[in-house]
Amino acid sequence: MFKKILIANRGEIAVRVARTARKMGVSTVAVFSDADRDAPHVRACDEAVYIGPSPAAESYLRTEKILDAIKKTGAEGAHPGYGFLSENAEFADALEKAGVVFIGPTAETIRAMGSKSAAKDLMEAADVPTTPGYQGADQSVEIFKKEAARIGYPVLLKATAGGGGKGMRMVEKEHDLEDALKSAQREAKSAFGDDRFLIEKYIARARHVEVQIFGDGTGNVVHMYERDCSIQRRHQKVIEEAPAPGLSDDLRASLLKAGVDAGKAVNYRGAGTVEFLYDPKDEKVYFMEMNTRLQVEHPVSEAITGLDFVEWQLRIAAGEGLPLAQDEIGETGHAFEARLYAENPASNFAPSIGTLTTLRLPVEHARIDSGVEEGQAITPYYDPMIAKVITYGTSRDEALGRLRATLKETRVAGLEMNAQFLYALAAAPDFIAGDVSTRFIEEHKSELFDDKKSDKRVWAAVALWKLEQSAPANDDPWASLKGFRLNRPTHELMWIDYQGAPAIMRLSQDGDDFKATLEPDAAAAARREGREPQDTLSFSFSGTCDDTGTIRMSVDQDQCVAFVTKHGDGLRVWIGADHWDVTIPDPLLGISAHHSSEGSLTAPMPGVITLLSAKVGDTVEAGAPLLIMEAMKMEHAVKAPFDGTVKSYRFAAGDQVKDGDLLVEFEESA
């Protein structure tokens, strides 16, 4: 067994690898960039080596810097985690040349499976079922149009060197194919340095199922059963589970056999995942790709098998072979994993950057794998994952219930995040029933993205929080709402900006109870000049707010618990799994009003301008793309908010922009 290994990664996977290594008595070395000097993965290891500036291309993706760190610390092996250099054959070659063990498959296997086209050819030769498509050398638009017509629309464009959904496009009609291909090629070139593509038949309501395998590199391959990863956005996984629900025994047996056959076809070594599309209409599975690394979602398979996959990786890499034979590997129960991300589901899941001012991840019902902590910044340089929430139960219902319970108590503020969306997924009736597909989110938009209406419980929680924050330390009677006060009104006014709408709340107190009248239209209130308010919401409430922000309250005699914390320019209020963002323009609390105009043509985050889609002077319709920017390895289109004219561009293609930079001057049509 190794005495010391270097973990050539960051975030939660580096923390997770370090945890198993420590259990096995193996010392660990972390590497870190400027952005990660104080990151949890650095502290999780026994040693840490600085490898450069924050951009991954200048640190985590630099093979020579990783090799220097290995030489400096005397590490005998390198665990690549996932992403970065984990599927880089040149990195594996460089380690072997330096006499260091790559804790993963051989460089030859990585090359064979790194090209989706070559992998598909290999699988066809091994009689592993594949999706109808084209993966030839001719990459012209004309040949793609010809092959798409042969296959039949809709089709799926996939980057040959791709992964994580990047460079993937679904095309429904021929006239959309050329633009989709060019956009996908730009994204693939930026993400992988390779703009070659293949095209496949798009299966409308397919399920994404995959087989976890391990091999010893001498022809022995075993499986750890299957996972279902159908719940996806932008072709990236959101919630995974093991085992896959609703598969017949025969189908499951053929799926697991295909996974093992795929591993044997390349004499696989270490941990790998063979991904398939399952078409419920014809009860068939089709090979998609093989991931030659440990997958993000591996904890659900660990949960049902009771095995530690990182330990298996280390033992196989150290030459010990497979720890167990296939008939010694069993499964029990069910497990889910939900990926908690810093992103805004309502804005097409755009990544969010900022400081995690609040981060509370309950562990009562779940295993939490995280590489960040409260007070840490989510930067534009890396994947915006906050944590993986993994739950296990003896049945699918039990595991799913624990997932909902954990998400219901998850509290994140300081940036946008998807916990509320994950809860909505886990609570959707069709998901509970196991009726899933890769189009699940698109088909259930109305229930997953339901706008929450104004709620008097939210207003009551905000009022109690503010009153607690501004309460006099010595219970000064002159600052109280109780009783008669000379030359002062017997009520309190609170100005609130709720989702961009200024409102006024009038508070009065009678004993321990407060009376509130909310007037949503503050401008109308200012013009009213003594007349009776219109469209008001009146209610009574009482409660207590502790120093953690937990509020126990009664609103019109109904009781509930809320949680309130500062968030950006205001407050974030949770009631159950739902949260609301509220601004209180009150300089005494250090909170100021902030408004961003609808259709703002500013940069949503730091990035690089890759394409100007229109010219100065062009008149365009609402929704037309004005420019394309790349941020966090994804393309983002800045579109016209209304019909109008492009007056000027503030940046050119190739320019780096900051969060909030004005990108385009745009004039609305008369």
Side-chain angles (χ1 to χ4, degrees), residues 1-31 40-49 66-82 84-88 91-110 212-224 263 267-273 292-295 298-299 301-303 305-326 328-329 367 369 371:
M1 181 47 60
F2 305 102
K3 293 182 176 64
K4 182 187 293 187
I5 64 169
L6 181 140
I7 304 171
N9 216 297
R10 65 176 299 280
E12 66 85 17
I13 186 59
V15 175
R16 189 262 172 277
V17 172
R19 184 173 64 242
T20 289
R22 180 176 294 108
K23 179 185 73 175
M24 297 176 66
V26 178
S27 295
T28 52
V29 180
V31 290
H41 82 271
V42 175
R43 298 194 302 275
C45 294
D46 300 295
E47 302 173 59
V49 179
I66 303 297
L67 288 173
D68 285 345
I70 290 172
K71 184 177 180 181
K72 182 186 295 185
T73 59
E76 304 158 285
H79 194 299
Y82 50 72
F84 292 149
L85 297 171
S86 63
E87 294 178 286
N88 186 302
F91 178 58
D93 278 337
L95 289 176
E96 183 179 358
K97 186 177 179 181
V100 179
V101 177
F102 179 69
I103 303 172
T106 64
E108 181 184 6
T109 299
I110 295 173
Q212 173 72 58
I213 63 168
F214 275 88
D216 64 3
T218 65
N220 298 311
V221 178
V222 296
H223 67 74
M224 301 291 186
N267 203 23
Y268 200 80
R269 183 187 76 193
T273 298
T292 53
R293 55 176 167 79
L294 196 64
Q295 290 278 82
H298 75 273
S301 297
E302 287 185 320
T305 60
L307 300 173
D308 184 328
F309 290 179
V310 173
E311 179 180 343
W312 272 56
Q313 286 185 293
L314 294 178
R315 294 196 181 282
I316 291 169
E320 295 183 10
L322 295 173
L324 296 173
Q326 187 66 70
E328 297 175 299
I329 303 169
R367 162 182 163 181
D369 283 10

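Bear in mind that the values here come from a model prediction, so they are computed numbers and not experimental data.
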Nearest-0.5 Å distance that lies between atom [atom1] in [X] and atom [atom2] in [Y]:
X: Thr106; Y: Tyr268; atom1: OG1; atom2: OH; answer: 9.0 Å
X: Thr28; Y: Asp46; atom1: OG1; atom2: CG; answer: 4.0 Å
X: Gln326; Y: Glu328; atom1: CD; atom2: CD; answer: 10.0 Å
X: Ile103; Y: Ile7; atom1: CD1; atom2: CD1; answer: 8.5 Å
X: Thr20; Y: His79; atom1: OG1; atom2: NE2; answer: 8.5 Å
X: Lys3; Y: Met1; atom1: NZ; atom2: CE; answer: 11.0 Å

> Which is it for Leu324 and Val222 under the side-chain contact (heavy atoms from CB on, under 4.5 Å) test, yes or no, and what are the steps along the way?
Replying inline: CA-CA 9 Å; Leu324 296 173; Val222 296; over 6 Å; no
[X]: partners by salt bridge (Lys or Arg N to Asp or Glu O under 4.0 Å), with sequence neighbours left out:
X: Lys23; answer: Asp308, Glu311
X: Arg43; answer: Glu373
X: Asp68; answer: none

Pairwise side-chain contact, [X] with [Y], heavy-atom cut-off 4.5 Å (strictly under):
X: Leu294; Y: Val17; result: no
X: Val31; Y: Ile66; result: yes
X: Leu6; Y: Val100; result: no
X: Leu85; Y: Asn9; result: no
X: Ile110; Y: Asn88; result: no

>> Set out, in order, the CA-CA distance, both residues' side-chain angles and the distance that settles side-chain contact (heavy atoms from CB on, under 4.5 Å) for Lys4 and Val29, then state yes or no.
In response: CA-CA 8 Å; Lys4 182 187 293 187; Val29 180; 3.7 Å; yes
>> Would Met224 and His298 count as a side-chain contact (heavy atoms from CB on, under 4.5 Å) here? Give the steps.
In response: CA-CA 10 Å; Met224 301 291 186; His298 75 273; over 6 Å; no
> With sequence neighbours left out, what residues match Glu96 under side-chain hydrogen bond (donor to acceptor under 3.5 Å, both in side chains)?
Replying inline: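 Here no residue qualifies.
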>> Checking Asn267 now: which residues fulfil side-chain hydrogen bond (donor to acceptor under 3.5 Å, both in side chains) with it, not counting sequence neighbours?
In response: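 side-chain hydrogen bond (donor to acceptor under 3.5 Å, both in side chains) check on Asn267 returns nothing, list empty.
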>> I'd like to check the ring pair (Phe, Tyr, Trp, His ring centres under 6.0 Å) partners of Phe2; sequence neighbours left out, ordered by chain and number.
In response: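 None.
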> Residues in ring pair (Phe, Tyr, Trp, His ring centres under 6.0 Å) with Phe214, at least two apart?
Replying inline: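 Result, ring pair (Phe, Tyr, Trp, His ring centres under 6.0 Å) vs Phe214: Phe309, Trp312.
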Between [X] and [Y], which heavy-atom pair has the shortest distance, and what is it?
X: Val15; Y: Pro40; answer: CG2-C, 4.2 Å
X: Asp216; Y: Ile316; answer: CA-CG2, 4.3 Å
X: Arg269; Y: Phe102; answer: NH2-O, 3.6 Å
X: Gly81; Y: Ser86; answer: O-CB, 3.4 Å

Taking side-chain contact (heavy atoms from CB on, under 4.5 Å) as the test, write out the residues that go with [X], two or more places apart.
X: Arg19; value: Arg16, Arg367, Asp369
X: Gln295; value: Glu210, Arg227, Lys237, Thr273, Glu275, Asn291, Arg293, Glu297
X: Ala30; value: His41, Cys45, Ala48
X: Val221; value: Ile213, Val260, Lys264

> Judged by atom type as modelled, is there a donor-acceptor pair below 3.5 Å linking the side chain of Arg22 to the main-chain atoms of Ala44?
Replying inline: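 Here the side-chain-to-backbone pair exists.
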> Okay, side chain of Glu87, backbone of Thr292: is any donor-acceptor separation there less than 3.5 Å?
Replying inline: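 A pair under 3.5 Å: yes.
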>> Please list all pairs meeting salt bridge (charged side-chain N to carboxylate O under 4.0 Å, His left out) that have one or both residues in residues 70-79, counting only residues at least two apart or in different chains.
In response: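 Salt bridge (charged side-chain N to carboxylate O under 4.0 Å, His left out) check on residues 70-79 returns no pairs.
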>> For Glu108, is the CD atom crowded, meaning more than 12 foreign heavy atoms sit under 6.0 Å from it?
In response: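 At most 12 heavy atoms, drawn from other residues, nucleotides or ligands, come within 6.0 Å of this atom.
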